[in-house]
Amino acid sequence: MQTSAMDVNLLKEMLKGVVREVIQEEMLKLKLSLIPTVSDNEMEEINRELGEPAQYEKEEFETLDL
């Protein structure tokens with residue numbers, strides 16, 4: 001009896017580990033799918049209409065201290 005109880009507990013722990021791993025993988029997939037991305041063509045259009053990021057480094061902006 002003792003051995004089968006240990007085996008059941010061992011199997012439970014192994015199953016918990018596998019389930020935890022699968023949930024973590026699915027959460028990672030979800031997080032990665034929610035990261036906004038743009039295609040190269042979209043980025044070119046943004047840069048063309050709004051300017052290159054380097055242009056904004058030259059400008060000085062007012063800061064607001066809270």
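Expressed to the nearest 0.5 Å, how far CD of Glu49 lies from CD of Glu45 amounts to 4.5 Å. For the atom pair CG (Asn41) and CE (Met43), the distance works out to 12.0 Å, reported to the nearest 0.5 Å.
Placement of Leu10 and Val18 in two distinct hydrophobic clusters is found when ILVMFWY residues are connected by side-chain heavy-atom separations under 4.5 Å, directly or transitively.
Nearest approach of Thr37 to Glu42, heavy atoms of both residues: O-OE1, 4.4 Å.
More than 12 heavy atoms of other residues, nucleotides or ligands sit less than 6.0 Å from atom CG of Asn9.
Legend: residues meeting side-chain contact (heavy atoms from CB on, under 4.5 Å) with Glu13, ordered by chain and number and at least two apart, are Lys16.
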Show the atom names and distances, to 0.1 Å, of all donor-acceptor pairs under 3.5 Å that link a side chain in residues 23-32 to residues at least two apart or in another chain.
unit_1 : atom_1 : unit_2 : atom_2 : d
Glu26  : OE2    : Lys29  : NZ     : 3.4

